[in-house]
Amino acid sequence: MSNSFDIVYDQANAKKESNSPMTSPQTKSLTVNGIKLAYTEWEGEKGPLFCLSSISGHKGSFTNIAQQLAPEYRVLSIDLRGRGDSDKPHEGYGFSYHARDILAFADALGYEKFSFIGHSFGGTVSVYIASIRPSRVRATVLIDGGCDPKEEVLEAMRPMLRRLADVYPSMDEYLNSIRSLPYFRDQWSATLENYLRDDVDVFADGTVRSKASAEAIERDLDVHFYYSMCVHFPTMQCPTLFIRPKQGLLGDKAHVLDEKEASAFVAWIPDCERVDLPDVNHYTMVLTDDPPVTAPIKKFLRDVELYKQPR
């Protein structure tokens, strides 16, 4: 596979690929390294594919993607520690801890090798693991992730991150606060609303608060700012797909990677190709009723010939 800088994926092709059979997922948990990791699993013949979500996201962000990948692929969407329904210890954040968790998770399920689909921060965790344990990672899909954060992007995300510690009077007020953010205002969908409803704890008085730990996210961001991911890019040995949205979080601004940075990023990873998706941003490329990332992911996985790992 070779580097490619100017591919724009046709969303019409994505829709043609979206009619695969539905499969019923199972939500489970597994205790590793003294903490519970929650995950949702879709049965499938090939794989496994480990899905890791954004900095404050949860396993539900991959539901529509997984429904289209299964039953061809076994998909496991995992809540990292501090997120979703996984445990939220006070300590143990940063890439080395997440790597230790995911490797122990794979060991507990008997998977010697696996592949990643990582969104945003989940992509960065995937890069870290693929670089330090190259013999275990077959392929990596990076959905607008894998790199160091920029202050401009974090400023755009900050309203989303600030909500983590807030308690909202009702579900409606919580949803309205998210709907007002510029990157969701014109791209609201049933998928996004369901994802957000699953993202909170609802208390007896009707108030709601995010399941993600604000303390955990802050600790991960602290480590992120004092760690340079670029040293890991050249050491990756697996085929990699980088999917980038054409829209920034603020329209034509606040891209996770701008055009120049994206080209350099892809060039630094030895076996990496790139797909650009129009009309979506960092969040809506995943959190939509028919995620446009699915078809290029399918094509990539077939190209690298992923097969089921014997248990």
Side-chain angles (χ1 to χ4, degrees), residues 1 3-7 50-57 61 80 83 93-99 102 115-134 137 139-158 160-161 183 217-250 252-277 280-286 293 296-297 300:
M1 302 176 72
N3 295 336
S4 178
F5 305 124
D6 300 311
I7 299 170
F50 289 176
C51 298
L52 306 179
S53 61
S54 61
I55 185 76
S56 63
S61 59
L80 295 173
R83 283 83 167 165
Y93 295 94
F95 299 118
S96 60
Y97 285 95
H98 292 304
I102 297 303
S115 297
F116 282 120
I117 302 176
H119 177 219
S120 193
F121 181 80
T124 312
V125 175
S126 302
V127 167
Y128 184 91
I129 297 173
S131 69
I132 66 168
R133 294 293 184 272
V137 182
T140 302
V141 176
L142 306 176
I143 304 176
D144 209 26
C147 53
D148 299 312
K150 294 186 296 185
E151 187 57 39
E152 176 195 26
V153 174
L154 285 174
E155 275 303 310
M157 288 182 175
R158 231 172 271 283
M160 189 83 165
L161 298 177
Y183 30 92
I217 306 307
E218 183 177 349
R219 288 177 182 270
D220 268 332
L221 284 174
D222 283 346
V223 172
H224 211 344
F225 268 118
Y226 292 99
Y227 194 94
S228 179
M229 286 303 301
C230 66
V231 298
H232 291 269
F233 303 155
T235 65
M236 292 181 67
Q237 298 179 20
C238 62
T240 300
L241 172 66
F242 174 60
I243 309 179
R244 176 179 180 266
K246 297 289 274 185
Q247 293 182 357
L249 287 171
L250 302 175
D252 60 350
K253 296 189 298 183
H255 287 88
V256 170
L257 291 174
D258 62 27
E259 178 57 38
K260 182 178 179 180
E261 291 164 340
S263 296
F265 175 69
V266 172
W268 275 33
I269 298 174
D271 187 4
C272 186
E273 65 178 270
R274 169 182 164 186
V275 168
D276 289 330
L277 298 177
V280 287
N281 63 44
H282 181 75
Y283 293 113
T284 58
M285 65 193 304
V286 172
V293 299
I297 290 173
F300 170 75

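Throughout, residue positions are numbered sequentially from 1 according to the sequence presented.
F121 is linked by a ring pair (Phe, Tyr, Trp, His ring centres under 6.0 Å) to F95, H98, H224, counting only residues two or more places apart in sequence or in another chain. The ring pair (Phe, Tyr, Trp, His ring centres under 6.0 Å) search around F50 returns F105, F114, not counting sequence neighbours. A search for salt bridge (charged side-chain N to carboxylate O under 4.0 Å, His left out) contacts involving E261 returns K150, not counting sequence neighbours.
With S56 contributing its side chain and S54 its backbone, the two residues share no donor-acceptor pair below 3.5 Å. Remark: side-chain polar atoms of H119 are paired, donor with acceptor, to backbone N or O of H282 under 3.5 angstrom. When atom types are taken as modelled, the side chain of T284 and the backbone of V280 share no donor-acceptor pair closer than 3.5 angstrom. R274 contributes no side-chain N or O that, together with a main-chain N or O of V266, makes up a donor-acceptor pair within less than 3.5 Å. Within the 3.5 Å criterion, the main-chain N or O of G94 finds a donor-acceptor partner in the side chain of D220.
Taking the side chain as every heavy atom from C-beta outward, V256 and R244 never approach each other to under 4.5 Å. With a 4.5 Å cut-off on side-chain heavy atoms, T140 and I269 do not count as touching. F300 places none of its side-chain heavy atoms less than 4.5 Å from the side chain of V275. In this structure, V286 and D144 have side chains that are not in contact, with every pair of non-hydrogen atoms separated by 4.5 Å or more.
Atoms CG and CG, on L241 and D271 in that order, are 11.0 Å from each other to the nearest 0.5 Å. Interatomic distance, OG of S53 versus CD1 of I117, reported as 12.5 Å (0.5 Å rounding). To the nearest 0.5 Å, atom CD of residue E259 and atom NZ of residue K246 are 6.5 Å apart. Here the CZ atom belonging to F242 is positioned 8.0 Å from the CG atom belonging to D276, to the nearest 0.5 angstrom. For the atom pair CD1 of I102 and CG of L80, the computed distance is 5.5 Å after rounding to the nearest 0.5 Å.
Among all heavy-atom pairs drawn from H232 and T235, the shortest one is O-OG1, 2.8 Å. Closest approach of G146 to M229, counting heavy atoms only: O-CB, 4.1 Å. Of all the heavy atoms in V231 and S228, the pair that sits closest is CG2-O, 3.4 Å. What you find for P234 and C230 is that their closest heavy atoms are CD-O, 3.3 Å. Taking every heavy atom of both residues into account, C147 and F233 meet most closely at CA-CZ, 4.1 Å. Of all heavy-atom pairs between G118 and S126, the closest is CA-OG, 4.0 Å.
Residue F265 qualifies as enclosed at atom CZ: its count of foreign heavy atoms under 6.0 Å is above 12.
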Exercise for review: Start with the C-alpha distance between I243 and I297, add both sets of side-chain angles, then the distance that settles side chain to side chain contact (heavy atoms under 4.5 Å, CB included), and finish with yes or no.
Suggested key: CA-CA 9 Å; I243 309 179; I297 290 173; 3.8 Å; yes
Check your understanding: What's the verdict on side chain to side chain contact (heavy atoms under 4.5 Å, CB included) for Y93 and V223, showing C-alpha distance, side-chain angles and the deciding distance?
Key -> CA-CA 8 Å; Y93 295 94; V223 172; 5.7 Å; no
Point to revise | Worked verdict on I55 versus R83 for side chain to side chain contact (heavy atoms under 4.5 Å, CB included) | key: CA-CA 9 Å; I55 185 76; R83 283 83 167 165; 3.7 Å; yes
Practice item. Begin with the C-alpha distance, continue with both residues' side-chain angles, and end with the deciding distance and a verdict on side chain to side chain contact (heavy atoms under 4.5 Å, CB included) for S96 and Y128. Key: CA-CA 8 Å; S96 60; Y128 184 91; 3.7 Å; yes
